[in-house]
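Comments concern the structure below.
From a predicted model like this one, the values you see are computed outputs, not experimental measurements. Note that the numbering runs from 1 along the sequence shown for the chain.
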Amino acid sequence: MQNKATDLFSSWAKKGKDEGMAEAHSPAVNKILDRILVGRESDFDFIDAGCGNGWVVRKVNSNPLCKKACGVDGAQSMIENARAIDPAGEYHLADLLTWKPKNKAEIIFSMEVFYYFENPDILTKHIVDNWMKDGGTLIIGLDHYIGNPDSYSWSEDLNVHMTLKNEQDWIQIFENAGLSNCESFKVNVSDKFAGTLVIKGDLNP
Ligand SMILES: C[S@@+](CC[C@H](N)C(=O)[O-])C[C@H]1O[C@@H](n2cnc3c(N)ncnc32)[C@H](O)[C@@H]1O
């Protein structure tokens, strides 16, 4: 029997491992955020899908063009940590597959989350239909993908379900969900790392 991803990450958050994860993800996240925020002129709302302890929400909230950033995560201790650090922030404890925001947002972001779902297609469609404003952008970062062999054992190592797909499969998922201008690129490629795969798409641009 596999562990639920949200149970695993809740136990990590209780042990303080959320901070190490934020530190490990931040070089890639900084580049992903630059891609959508540098040169941007219009203001925006922002939702982080699978926000962990909410570090990206707090970072984006400090951008002058950000009207409101909020985060959603299904791991209770992750959300408790987020609220403890930032009591005034908006952090929702919920399953991404069922949660819907009161107001749709221009930017939906997610780092290292979509492959924990058995059907990332269903999650993507749910987000496109219920979270995104017309003209908005969905952008996600993934380290577990076909093309990064170091990640192939993670599901077995952690005894958690992970869906292993390649770059083209992920683009297809975005297109099938109704997104346009779908593209992929990698950040932080080096001799030792195949890079974080980034998938991006726009709704009714
Ligand atoms: C690898 S962590 C990444 C956290 C954060 N994005 C970061 O970069 O620090 C994956 C996160 O996805 C969340 N998650 C996984 N499945 C989920 C689900 N079905 N609903 C809500 N959150 C989920 C986990 O609880 C965990 O916090």
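Contacts classified as side chain to side chain donor-acceptor pair (under 3.5 Å) and involving residues 173-185 (residues at least two apart or in different chains) are given here: Arg35-Glu183, Glu167-Ser184, Gln172-Asn176, Asn181-Asp202. The side chain to side chain donor-acceptor pair (under 3.5 Å) pairs that include a residue from residues 94-104 number zero, where partners must be two or more places apart or lie in different chains. The stretch residues 135-160 participates, sequence neighbours left out, in these ring-ring contact (aromatic ring centres under 6.0 Å, His included) pairs: Tyr115-His144, His144-Trp154. Residues in residues 185-194 take part in these side chain to side chain donor-acceptor pair (under 3.5 Å) pairs, two or more places apart or across chains: Lys31-Asn188.
Minimum heavy-atom separation, Phe174 to Cys182: CB-SG, 3.7 Å. Taking each heavy atom of Val113 and Ala49 in turn, the nearest pair found is CG2-O, 3.5 Å. Taking both residues in full, the closest heavy atoms of Ala69 and Asn61 are given as N-OD1, 3.1 Å, listed atom of the first, atom of the second, then distance. In plain terms, the two heavy atoms of Ser10 and Ser77 that are nearest each other are OG-N, 3.0 Å.
From Gln2, atom CD reaches atom CD of Glu156 across 10.0 Å, with rounding to the nearest 0.5 Å. The distance from the CG atom of Asp121 to the CD1 atom of Ile173 is 4.5 Å, given to the nearest 0.5 Å. Distance check: Trp170 CH2 to Thr163 OG1 gives 6.5 Å after rounding to the nearest 0.5 Å. Note that CZ of Arg83 is 8.5 Å distant from NE2 of His92, once rounded to the nearest 0.5 Å. Taking OG from Ser110 and CG from Leu138, the interatomic distance works out to 8.0 Å, rounded to the nearest 0.5 Å. Atom CG in Asn63 sits 9.0 Å away from atom CG in Leu33 (nearest 0.5 Å).
For Glu118, the side-chain contact (heavy atoms from CB on, under 4.5 Å) partners are His161, not counting sequence neighbours. Contacts of Thr196 classified as side chain to side chain donor-acceptor pair (under 3.5 Å), with partners at least two apart in sequence or in another chain: Asp143. When the side-chain contact (heavy atoms from CB on, under 4.5 Å) test is applied to Ala82, the partners found at least two apart in sequence or on another chain are Arg58, Tyr91. A search for side chain to side chain donor-acceptor pair (under 3.5 Å) contacts involving Glu106 returns Lys133, not counting sequence neighbours. Under the side chain to side chain donor-acceptor pair (under 3.5 Å) criterion, Lys125 pairs with Asp129, sequence neighbours left out. For the side-chain contact (heavy atoms from CB on, under 4.5 Å) test, residues two or more places apart in sequence or in another chain that qualify with Gln168 are Asn166, Ile171. Evaluation of the ring pair (Phe, Tyr, Trp, His ring centres under 6.0 Å) rule for Phe117 yields no partner, not counting sequence neighbours.
The cluster map of Ile, Leu, Val, Met, Phe, Trp and Tyr, joined by side-chain heavy atoms under 4.5 Å apart, puts Val198 and Leu123 in different clusters. Phe185 and Val189 end up in different hydrophobic clusters when Ile, Leu, Val, Met, Phe, Trp and Tyr side chains are linked at under 4.5 Å. In the hydrophobic cluster analysis, where Ile, Leu, Val, Met, Phe, Trp and Tyr join through side-chain heavy atoms closer than 4.5 angstrom, Ile47 is grouped apart from Ile139. Grouping the Ile, Leu, Val, Met, Phe, Trp and Tyr side chains by contacts below 4.5 angstrom, directly or via other members, places Leu65 with Ile107. A single hydrophobic cluster is not seen to contain both Val56 and Trp12; linkage of ILVMFWY side chains at heavy-atom distances under 4.5 Å, directly or through other members, places them apart.
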Review point. For Thr124 and Ile140, what are the C-alpha separation, side-chain angles and deciding distance, and is it a side chain to side chain contact (heavy atoms under 4.5 Å, CB included)?
Key: CA-CA 10 Å; Thr124 309; Ile140 67 170; over 6 Å; no
Practice item. Evaluate the criterion side chain to side chain contact (heavy atoms under 4.5 Å, CB included) for residue pair Leu96 and Trp131; output intermediate values, then yes/no. Key: CA-CA 11 Å; Leu96 300 181; Trp131 299 24; 3.8 Å; yes
**Study point:** Evaluation steps, side chain to side chain contact (heavy atoms under 4.5 Å, CB included), between Thr137 and Phe109
**Key:** CA-CA 8 Å; Thr137 297; Phe109 163 90; over 6 Å; no
Exercise for review: Give the C-alpha distance, both sets of side-chain angles, the deciding distance and a yes or no for side chain to side chain contact (heavy atoms under 4.5 Å, CB included) between Trp55 and Ile85.
Suggested key: CA-CA 9 Å; Trp55 64 281; Ile85 299 166; over 6 Å; no
Donor-acceptor list for residues 13-29 side chains, cut-off 3.5 Å, not counting sequence neighbours:
{"unit_1": "Asp18", "atom_1": "OD2", "unit_2": "Asn53", "atom_2": "ND2", "d": "3.0"}
{"unit_1": "Asp18", "atom_1": "OD2", "unit_2": "Asn81", "atom_2": "ND2", "d": "3.0"}
{"unit_1": "Ser26", "atom_1": "OG", "unit_2": "Glu23", "atom_2": "O", "d": "3.4"}

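Asn3 places no side-chain N or O within donor-acceptor distance of the main-chain N or O of Val160, the cut-off being under 3.5 Å. Checked by atom type and distance alone, the side chain of Asp73 never pairs as donor or acceptor with a backbone atom of Thr6 at under 3.5 Å.
Residues Ile79 and Cys51 form a side-chain contact, since some pair of their non-hydrogen atoms from C-beta on lies under 4.5 Å apart. Counting heavy atoms from C-beta on, the side chains of Lys59 and Asp48 never come closer than 4.5 Å.
Classification of the Phe9-Tyr116 ring pair by plane angle, with boundaries at 30° and 60°, yields perpendicular.
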